[in-house]
Each structure stands twice: as C-alpha cells, then as structure tokens.
Amino acid sequence: MDLRLSEEERRFREEVCAFIDAALDPATRARMESGRLPTKEQWVAWHRTLAARGWSVPDWPKEAGGPGWDPVRRYLFREALQAAPAPQPQQFGTQMVGPVLIAFGTEAQKRRFLPRIVTLEDWWCQGFSEPEAGSDLASLRTTARLEGEHWIVTGQKTWTTLAHWADWMFALVRTDPSAAKPQEGIGFLLIDMRSPGITVRPILTIDGEHEVNEVFLDEVRVPAENMVGDPRRGWDCAKFLLSHERAGQARVGIAKERIRRLKRIAAETRSPRGRLIDDPSFRDRLAAIEVEVKALEITCLRVVAAEATRAGDRAPDPASSLLKIRGSEILQAIATLTLEAAGEGALAAPEAEPDRPSNEVPSVPDWAAMSAPLWMNWRKFSIYGGTNEIQRNIMAKAFLGL
Amino acid sequence: MDLRLSEEERRFREEVCAFIDAALDPATRARMESGRLPTKEQWVAWHRTLAARGWSVPDWPKEAGGPGWDPVRRYLFREALQAAPAPQPQQFGTQMVGPVLIAFGTEAQKRRFLPRIVTLEDWWCQGFSEPEAGSDLASLRTTARLEGEHWIVTGQKTWTTLAHWADWMFALVRTDPSAAKPQEGIGFLLIDMRSPGITVRPILTIDGEHEVNEVFLDEVRVPAENMVGDPRRGWDCAKFLLSHERAGQARVGIAKERIRRLKRIAAETRSPRGRLIDDPSFRDRLAAIEVEVKALEITCLRVVAAEATRAGDRAPDPASSLLKIRGSEILQAIATLTLEAAGEGALAAPEAEPDRPSNEVPSVPDWAAMSAPLWMNWRKFSIYGGTNEIQRNIMAKAFLGL
Amino acid sequence: MEFELSEEQRLLEASLRRLLADRYGFDRRKAHARTPEGWSREVWRAFAELGVLALPFAEEEGGLGGSAVETMLVAQALGEALVLEPWLATVVLGGGFLRHGASAELRAAIVPRLAAGEVLLAFAHTERGATADPADVVTTARREDGGWRLNGRKTLVLHGDVADHLVVTARVTGAPGEERGLAAFLVPATASGLARRTLRTNDGRRAAEIVLDDVAVADDCVLGEPGEAFPLIERVVQEAIAALAAEAVGVMTLAHRLTIDYLKTRRQFGRPIGSFQVLQHRATDMLIAIEEARSMAIWAAMSLDEPDAAERRRALSAVKALIGRRGRFVAEMAVQLHGGIGLTMDYAVGHCMARLLAIDALFGNAAHHLARLADGGGLIRAA
Amino acid sequence: MEFELSEEQRLLEASLRRLLADRYGFDRRKAHARTPEGWSREVWRAFAELGVLALPFAEEEGGLGGSAVETMLVAQALGEALVLEPWLATVVLGGGFLRHGASAELRAAIVPRLAAGEVLLAFAHTERGATADPADVVTTARREDGGWRLNGRKTLVLHGDVADHLVVTARVTGAPGEERGLAAFLVPATASGLARRTLRTNDGRRAAEIVLDDVAVADDCVLGEPGEAFPLIERVVQEAIAALAAEAVGVMTLAHRLTIDYLKTRRQFGRPIGSFQVLQHRATDMLIAIEEARSMAIWAAMSLDEPDAAERRRALSAVKALIGRRGRFVAEMAVQLHGGIGLTMDYAVGHCMARLLAIDALFGNAAHHLARLADGGGLIRAA
C-alpha cells in the first residue's frame, strides 16, 4: 500500500506539465484562469495541439488511437491540465461518444467517427435531457420511427451544452413506445447537426453566458447506419457512458488551481483586518477547504488505484460515489470565499475579457467582476449529471440498503 | 409597530432582575452556571421563593393563582431567569399539567392539585413517551381498564424526566383499544407515584447524568376521579399542552447567558493566536452565532407580541414553529464553540461540583471538563419534544402545503 | 412592545402591491430591463403618483412623513417584484442626504421635484479598491474662491448613468479611513469637469463610473458640515442597509414562492417532486431563513432610531451579515430545487439569486460586517 | 502508486478482528469499563499473544517490524470495538519514544516485556493551562549529581494511573513554547518524589495527574538528546495523531453500522424510519464523512515518512482537523438518527460519540490544528 507516486509516475507528470507550459497559448490560459469557457477557436487549437502529441484521447486504448495510459496516468494528465489551467480535450467526443463507439459501435462507425474525434474535426454534443426528462431519463419523449433506411426523429432536447458549436449530436431517442419497461425501446442515435429540421435555440443563463441550448428536432431524417448497437438497447450505451471515469468528476485540479489563485488575490486585497490573506478568519476558512480538497484528492487516488489494480472488476465503491458530491460542494465553497473576497466589486459586471482587452481600465479587477457570475454558474455542479440529491438517493440504496 | 419595550415593561424587567439578584442562592446560581441541573433541594427552595413573591406560575391567570401577566411580561420573566441563570419554576406542574387542569379539570381536581403546584408541594413528571411511541404517540400501549371506581394501569413509560423526584405523574393511557382512530380512546390520567406497582428505573445518559427514567406500571390502581376530562379524549389535553407557550422553546436567555460566559472564558484562555478572544477566527464564529441569536430573539418577540394582540386567535405562524428548531441548533453551536475552546481540557471528566467543592484543585477548570458532557447532553434539544426532523415535516405540511 | 401595522401602513402596502401586480409582471420587467437605462420611466411616474417617492420626506416639504417602517414595507414589496427602478439610489440614498444633510433651501428646491418623479439622484461614494468602510475616501474637496473643487474618481455609482444630481463624498482633510475630514456635496450631473461612463452590474442594473476633474461646487450645495460629514454618510448608509434588508426579504419571498409552486407542479419519477421529504425540508429551511431575515429587517428599521452610534453600528452590521448569508442560502436552495431552469435568464428565480448577491455586495458584505461586528465586541456584552 | 494490503497485513487485521468479535462484545466491554482500571488485563494478554503489542518494534528487539500501515489497521479495528485498553499510551506513545529515542540498552530492557504485555507505559506531557503546542512545557529538568532532577506537574496522562514507566517531558533551558531546550525521560512510576492521582475522562477511561517533586532520573533513562528532544516529541505525537485518525475511522464505522441497523429495524408512523428520505441522506452523509476520514487516516500513515518536517507538520494538522470535524459530525448524526437511545450509557452509540470527542480533544483539536495549518500557509502553495 503506497499512495506516493512512483518515480516513473512523477516523471510522467513532469513531462506533461512541461509540455503544457510550453505549448499552451497564453491567451487561452488567461481566459481559463478568468473562469470563462475557452472560445471555440482556442479549444479546437488546444485539442489539436494535444492530438499532435498523441494526448487528445487520454482514456482510449492504444488500438483505438489513444496513448494506452493506466488510470493513474490518466488522472495525473487530467489534473495537470486543470492546474495549468488548460482546456481538457473536448469531452463530448473523447469521453462520451468515443468510448461508447469503441465499446458498442460497428467497424464502419468506428472508422468514420473515431479519427475525427481524436483531432476534433467533429464537435459533438449530448442529446439526453428533455424538458420532462432530466434525471428521470425513463420519461424520454423524443421519438424515432424507422422509415426505410432512415430514422425519422421528432422531439426536443434541452440543456444541450455547446450545441451551437456542434457538428454532431449523440442522442437518446424512443424507438419503441410500446416497450414493457420505460428504459427499453430507447436507441442511441448519431445525428448530423446540419440535418434539415434541426433548430438550435440558445438558453441564456443568469451569468450572461450562452453555453446551453434547446434543440428542436422536427422530422429529422437520420440514416439507419447511425444507430449505435441495438435500437432498443441504447440505455446500455447511456449507462456505460455515465459510469465512465468517475475520478474526473471530483475536479480536484480545478479546486487546487482556484485556491492558488484565491491566495494570490487575497494577498493583494484589503480587508477590515489588513490584507485579506492576513485575516485569520479568512485563512481558517480557506484552510478548512484545503483540508477537504486533500481528503477528496486522496479519495480520488484510492479510486484510481483501485481501478488500476482491479481493471475488470467495476463493483461500485462508496468512495467513487462521493467524488461528484464533494467535488461540487468544494468548488461552490471556493466560489463563495472568492465572492466574499470581492466585496462590493462583486456587483460590477465584467467589462473586458482577458484575451480581448478594451480601451477602458475596468472599474474593478476582472476576478472580482467575475466572482458573482462564476458563483452563479457553478451552482450547476450540484445540478447537472444527476443532482446531488439524486446522487445521495443512489448511495443510500446502493451502499446502505435503505 | 414598535419592538422596543415600553417604559412599564422596562421597569417590570428591572424589578424581576433585582429580585432574582437579591433572592437567588449563590450556590444555586453557580450550579446553574456550570451547566448542571440544580439539585432537587435547590430547585424546590427557589420555586418556593418565587411562589412567596407570587411568581411561581407566571403563565396562569389571576383566578387560578397566577400573576395574570401578558405574554410580553411572561417572556421577560422567563428570560430574566435564564440570564441569571436561575432555575425556572418547575415546568411539569406549572407549564404542563397545571394549564391542562385549569382548562380541562374538575373543580375538585383544581382545588386539590393547583395550590400544591404553586408551591411545589407536588413534583410532577410527564408520562407520555413509551418505548414504541416517541414522536408517534398514536402507537401508545400503556392501558387503563376501569374496574369499579379505579383505573387499572399497566404498561411502560420511558424518557421520564426526573421521575425519581416526582410525587405525581400525568400520563397518557389507552382506555379504549377498540377506538376507530389510534388517537381516540386515550385518557389523560393523574397517577400517584407512590402507588403500588410502580417501579422507576434510572436511565444513565452518556454524560454521566441521571435525569431520565423508565417507569414500569404493573396493575397500578388509580382512583377514577383522577381522570382529567373525557377518558376517551385525553389526546385533546395532550395537544393543548404541547402547543402551550412556544416562545419558551427558543431558550434565547440561555443562549445569551452561555455566550456571555464563553466570552469571559475566552478572555482567559490561551490559543495559538494569543488569548482566544483575540483570535479573529473565533470572534467571527462567535459573532455569527450572536447574530443568529438576535434573529431568534426578534422572532420570539414577534410571536409574543402577536400572542399579546391576538389572544384568542391561535392560528399557526411559521415564526413560532422555527423557534424550537433554531433554538436547539444555536445552543448546539454554542456548545461546539465552548468544546473547542476547552481544547484538551474537554477530555477530563468534571471532578468537583461547583456547589460541592472537593479538596483537590481540579486538573482542568470545571467549564472545560463540563464542555464535553454538556455538548453531549445538549444533543437532546434537537431530539426531544419531537425531533427537528419531525418539526420540519410539520412545517412543510402546515405552511407550504407539501 | 407593539407589533401591528397601522391602517395607513396597510393601505400603502396594499396599493403598492396592487400597482406592482398590475404593471410589473415578470414579462414586463424583462422588457424594462432591455431598455438602455434598464428600467421604466412610466413605472417611475406611477410610483410618484402613488406617493412612493414622497413617502419618507416631511409633510411640510412635500413629503408624506413616512417612517422607517413605511420604507421597510415599500422595500419589501419592491423586492418581491424584483423592481429595477432607481428607488434606492434616488429616494433612500439621495433622499437620505437631503433629509439629514441639506439646507432648507436645497430641500425646497429638490424634494418636490423628486417626489414628482422629475429628479433622479445617485450616491457617488465608492472608489476603486476601497473597502466597505464608509470613511475609505480618497477623492478630495479643496476650498477655492468661496466654493469647493472636487477631484477624484467614483465607481459603482448606482444609476449614476441617469441621475440628475450626484451626492459626492470627498475628503477635506485627513487620510483615507479617517472619520474626520469628510464632506458631501450635491453636484449636478452636468457640472463642468464631471464625466461619467455607464457600467453594468451583475444583477442586470446600471451604474456609472464618475470622474471629477476639478469640479466646482458652490457652498449652497454642501450637505452636512464639511469635514464632519461622516455621521451623515454613515446614517444614510445605515438607512440604505435597512432598506436593502427589507428588499432582500421580498426577493427571498418571491424565490420561495416560485420554488414551492415548482415543487408542486414539477413531476419526476411519477410524482410531484414536492412529495420528496428532502426537498420538503429544504423548502422549510428556506422559510426559516426568510423569517429570520424578516426579523432582522424589522430590527434594522427599529435600530435606525437608536441614539447610541456604536450600538446602532453594531446592529446594522448584524443585520447586513444575516441578510447576506440567508439571502445566499435562499438563492442556493431556490436554484437547487429548480434545477437548470433556475439558472436561466428567462425565469425569475435566477434574477432573485443575482439580486440577493448584489444586496450582499452593497455597503459591505456579510464577511465585512461580521468582522466589524466581531472586532467591535459583538452584540452581547461579556459582563 | 499502490493500494492493496499485503497478505500479511490482511492476516493481521483478520485475526485481530476475530479476537475482538469473540472477546469484545459491547456487554463485555461494559464489564471491563466497570473495573477500577477501566479495562481488562486478560484482553491485554490476548493482544500480547496475538502480537499486537510487539507489532511496531524492530524484529531484532523482539518486535514484528510493522509499519505505519499495520498500526493503522490495528487502530481502526480497536476503534471499531471501542477498545478501552491502553494500547495508544503503551504501544504508540510509550513505544514511540522507545523506538525513536531510547538507547539500545533501554530498548532491550523494556521492549520484550512490553511486547509480552508485562509493562505499561504512559506519556506525561500535558500541563495545566497549556495549549496543544508540544513545546508548551514548564516542568523543569535540572542537571545534578551526574543525573537529572525533575520538578513539575503533569495532567491528563492517559492511563498514567497504571503505567509502570512514564515518559516525562521537561525543559532544560528556554521558556515555555520554545522548541529548543526540551528533554524526555523514562521514569519509573515508583520513583521517589513522584505522586499520582487518578482522573476520569469524559470517554469513560482513566488518566492521572502526576506531581514530580525533585524526582531523580539517571542518564540511562534519557530519551533523545536533552535540550533537543522537540523533534522526538513531535514525531511521537504525530504517530499518535495518525493512530487516532485510524481509530476514529473505526469508531465512526461502528456508529454508522449501528445507525443503519437502527434505521432498518425501528418503525415509526407504520414503517421503518430508514424509509424516510431525509434520514437516508443523513446516513449517506455519514458514509461520505467516513470515507473522507479514511482517506485522511491513510494519508496520515503515509505522511509519517515525509522527510520535510514542515510539510509533515502541515499534513498531520490537516489530518487532525478533518478527523475532529468529521468525527463530531458522525457522532451528531448517529445520535440524532437514534433519538434518545443514542444518548444512553447502555448503548454503544453514545460511547462512540464520547470517544470521538476525546479523539478530537487529544493532541490539539480541530480548531487548534486548523489555525496552525492556516497560519503555516495551508496545504496548497499560492504560486
């Protein structure tokens, strides 16, 4: 039993960090550091930089074009990106539809789509959520009926992240409304976003961002060859996808990067007790979060090490289930401390973006102006991908038998 | 709308405080201040001191021997006792069975019992809880069957506070097991604790105290005249009793007295940052509790003022329902801060009692030694009289329609 | 102790609420928010007609002689409708300086027009990098030619983009942070040397950055005593904090009502989500938080009459600390119980959240006031 | 990175757990607790036979050469049975000083007898009114006649009532709080001038107050370097913290298991209370807290090997802070979910609570260590 990194693992991490340091565009880094989503151009460029190094699909096996890393290396790689901070390889392709295709796709599907995921030729989006089916996917209403060689898809998806940048969507569609159980009769379908009948409508969020969308599908014709696996068993694909790579949900690297940043900020911020960093009350609250981050990090490492030693055995483990809950709570606590550090500055909307300077000196520092939008935006961490309440329901059932 | 006390109210409070200051035995005060229950002797003596002044039954109307105070004065009186700190008039008689007898008792019952409550000739205890019926009184099992002029009572009561000091018990007993609803067929019966067939067995709590008991009733004969009201409608008495005087459940005076004490302690306690009271982190946490106490106090005053203006109208008010929940949470937070202040001293069990000195100088100050027992003891505040979870269930139903 | 509203107070509250129900539905509010100024002049006139703008001023000056309790009722109603109009800036802040600091002549010149909705005011006080300590002022006022010259830069001036007059704080003597040496002036927005730039705020409102480049102000525009204006500034800020506390109660009430409605109508796993006990308890905790906030808003209104300045300061710090924390809690819960929809621009709950964060940020957030309170000895004396 | 237990480690854990299951049911434990010493010599002998007492000592000295991981496994198993025996005092604390500070002769004299269960040790360090800073020592050691003379008073000496030898810390030079100037001695409990008085602790165990009145100690009983013993003291305290962290995980696990059982069997309103969602989530939060504590206990064991003293200090402070808080949380929840029964002497949950509070109090509570960590710069470097 040894939690410490081996010499090789340490060298691997250094290599990754050095590469990021050298290859990451400063504007992209500044934008990430500000808490904003990268622009599409920044994201694509960085993804391709990683692809050129062979690192854009860290979770894929060698056969599929991945680097063939073990769970420890995958974890270290992801954390190094978060720490930079740099964008992750675009996740909808690399972490979601890609692994599904590798596991369930036909050879033709793999040949057609996988290489374009590696280099981000295709931007994917996820069509799972619907207005009446969020955490409760069984009440899915979007239908697909087979007409000759095409599925005709009609329905509405919502909360579709970055659909306005997407070339393709992987969607759950109801292929058999008469199936005995509501999870049966669902297909996992790949839909070209340029197909006639698709309308993408932005959902503006309260922080002023356009990140999610509604996607309306009106008699959209999708070639039958775009169905992944059995048209009645798409639920298997969805479950596979949702159980993939839990350690990433803890976002430990982001938490650490945010804390480092907050410490730098607090050293330059005035408070009623001198510099904010010198206020023991602030320091204690920050240290308490650091302690929780450490507990989360060690828990992550336990999960990763268990994955590494028991590759086949995917029995659920309470440690892995708490990662998402605690990860979201910790990031939200950091956002609150940052908001408090901003004081009245949290009132001002951000004026310029770090990689797009304006002529005016902004009236408050960008970090302060961003503190409220980010606080609001980060509420999503305890909501999406199954609310923390649903996560706790699942844990109570799975591990406590309640 | 004016939350401030009137000149008369202020004078009343001064009069009460001056009386307590002059009349309270220093040993009793020291014992109360240490966080311990007063001894029976101390409690009886103090109760009678109050009785001699006409103040031992503050909530009773003049006709019944009370001072006839309005809700504001009752609140001020109770808070002044808590602030001293002095024992309250023994509550099982004055606040529980007394008001029930005034509302539901026969003239003979009133004549017989009420004067002895005023002077604490009779110590009462409450026989509601049973092993299988805590918050869920409908599953009460203790039975009473009428044989001639006597009820024959058999069953078991538990969590009976100070039953070992009690002369009488008011108990809920099932008189009609065949009643349509489980709350029906329950009687409110007055039982002499010296009756044959009664066994009192102490329940020691983890803080080392003997405060609660099990009471076994084996074919106990109780004269029929000791039934209060309709033998099938004792539930009405119980409900009346439980809804009585909510503002007292907030225990604001205790919170304030504990905070004053903690501030004095913190001024004499060393911490890694000098005197504990000088540590901004401790100060902030204490101030946050003070702010919550203030919010609770104002809420109490709102409830009391509403009682005063709308004497007849007892419509439930969310403000009154939160008093018990927040009151318990705040006292528990104060106990935690005190425990932390005690440091390693919290490990030592109390050696001497403040009113019973030993020859040894105790190895740690009594407040520190008491910090852990009190912390453990005060967990009861969120449990008894309906757990905070049940309080929230009730609020969600009553005020939110959920 | 007495706790009922008077008949007049009830009437005022009812008519304002009726006006808002008729004219300030969420869709109308969205339309107001989209205008360049971010609010509606028409609604503002309706407030004037109802007497909302005249309320706190003395009757002999064209006001209605309302007390802090009336201001509390108004603020709560405005909060419950997420009102965007510059009531805080003009009536509470600007009006506060007029009431407590202006000469009779100045009041006579401005109050009637303010009450009629014809004049807008703003409070130009905050400076870049300043703490929330009201004495943290660098902007200077220099005596010259029988008047004053102002130099400096103010930011986050709420509704400073449209104000006709600005209340500008400046330092006559002393160093930033010192209470002695402060002054306040009523400066026309058109004054020569005064430049302004519109800012947006994170709660979708407008503010301004104001540059004062040797702006000349005559003696008759002085508010309070030059050099001794700190108590005036502090009093007006305290009145604003009391108003914000009441507004927060209103905003929280709206967020809670929307949440309860959602819990009753939204179905998941075949039943309304409000049937889940965990969500019921969260909704109950929101209710508890709102009742605590309501108590503190009432206490704030009462405390404005407290004659002891240190006591009053502690009270308002306690109020602001509780309001900030409970506001954030209610916002968190409302959004969590709604899920994604609670975070969208098109739905009111997100705007409640944004406003509650803004209320916390204004005039010192919860952390600031808690530290001030704690370092000032807290609310409860040790002996 | 590697996370599996070795076969030997698994075997040790399994046999200790079997022993405890057979011999340490809660009723037996109650009987042990009622004895004057508060624990069972018979159980102690069984520990000796199993090798639990010999575990951390080097094989050539009569030990089994166990590492921090083995100690962690033992501590967790002992915690899960609420074991009362003086393992921490004798093996971890006393044994720690022997391993890191004693001469080979001293070790040879004591370790085999300790391993056989024949010698009990205790750590006489804490003083009245001292903070949890390990250098806060007033007791003096004076050089005299080629030996040492100890004067002072120690308190809360865990199992000091029965210990055969006491590890006494004292100051050779310097002022309380200074790291330089400390020394440690192994003193027979029968030494002339040494008086002890039994204390009870709030978790139902025994401790002692020790008065040292010019107690003579020979040079061969010196532990570490006189005047330079701080690193030795700190290391042993850190090992104790790591052991306590693991013990806490065990205690929390017991509290959680009892709670889950109760939720499944106790019925209210016609159904098992474990069917109520709010209680399910509380039980889940307990599980989360335990997993966090488990991670920190593992990290503590790993961090004992950290060569950088400042880094190691920060790590152990972080561990103790988390363990204290999560322990309290689990205790609160276990009692709340049980209701009144959770607070009684006759049921194990209350004893879990008492022990978790004691673990928090020992060697600096959560507040102490959080402050130390915060003032030392935290765990994450700013740049």
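In what follows, every chain begins at residue 1, and chains take the letters A, B, ... in the order their sequences are listed.
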Point to revise | Heavy-atom neighbours of D:Glu311 CD exceed 12 at 6.0 Å | key: yes

**Study point:** D:Glu306 backbone acceptor or donor facing D:Ser303 side chain under 3.5 Å
**Key:** no

Check your understanding: Side chain, backbone, both or neither: which part of A:Ile325 has an atom under 4.5 Å from a heavy atom of chain D?
Key -> side chain

Practice item. Just say parallel, tilted or perpendicular for the rings of A:Trp378 and A:Phe381, cut-offs at 30° and 60°. Key: tilted

**Study point:** Qualifying residue for salt bridge (Lys or Arg N to Asp or Glu O under 4.0 Å) with A:Glu329, from A:Arg379, A:Arg251, A:Arg392, A:Lys324
**Key:** A:Arg392

Exercise for review: Measure distances from A:Arg326 to the heavy atoms of chain D and classify the residue's part below 4.5 Å as side chain, backbone, both or neither.
Suggested key: side chain

Practice item. Identify whether NZ of Lys or CZ of Arg in D:Arg271 sits under 6.0 Å from the centre of the six-membered ring of D:Phe276 and within 45° of that ring's axis. Key: yes

Revision key, fill the gap. Ranking A:Ile259, A:Val293, A:Asp284, A:Leu322 by heavy-atom pairs under 4.5 Å to chain D gives rank one to A:Asp284

Practice item. Measure distances from A:Asn393 to the heavy atoms of chain D and classify the residue's part below 4.5 Å as side chain, backbone, both or neither. Key: both

Review point. So which of A:Glu8, A:Lys294, A:Lys256, A:Arg264 has the biggest tally of heavy-atom pairs under 4.5 Å with chain D?
Key: A:Lys294

**Study point:** Under 4.5 Å from a heavy atom of chain D, the part of A:Leu286 involved
**Key:** neither

Review point. Counting only N and O atoms by type, is there a donor-acceptor contact under 3.5 Å from the side chain of A:Arg275 to the main-chain atoms of A:Asp278?
Key: no

Practice item. With a 4.5 angstrom heavy-atom cut-off, could you sort out which part of A:Glu389 is near chain D: side chain, backbone, both or neither? Key: both

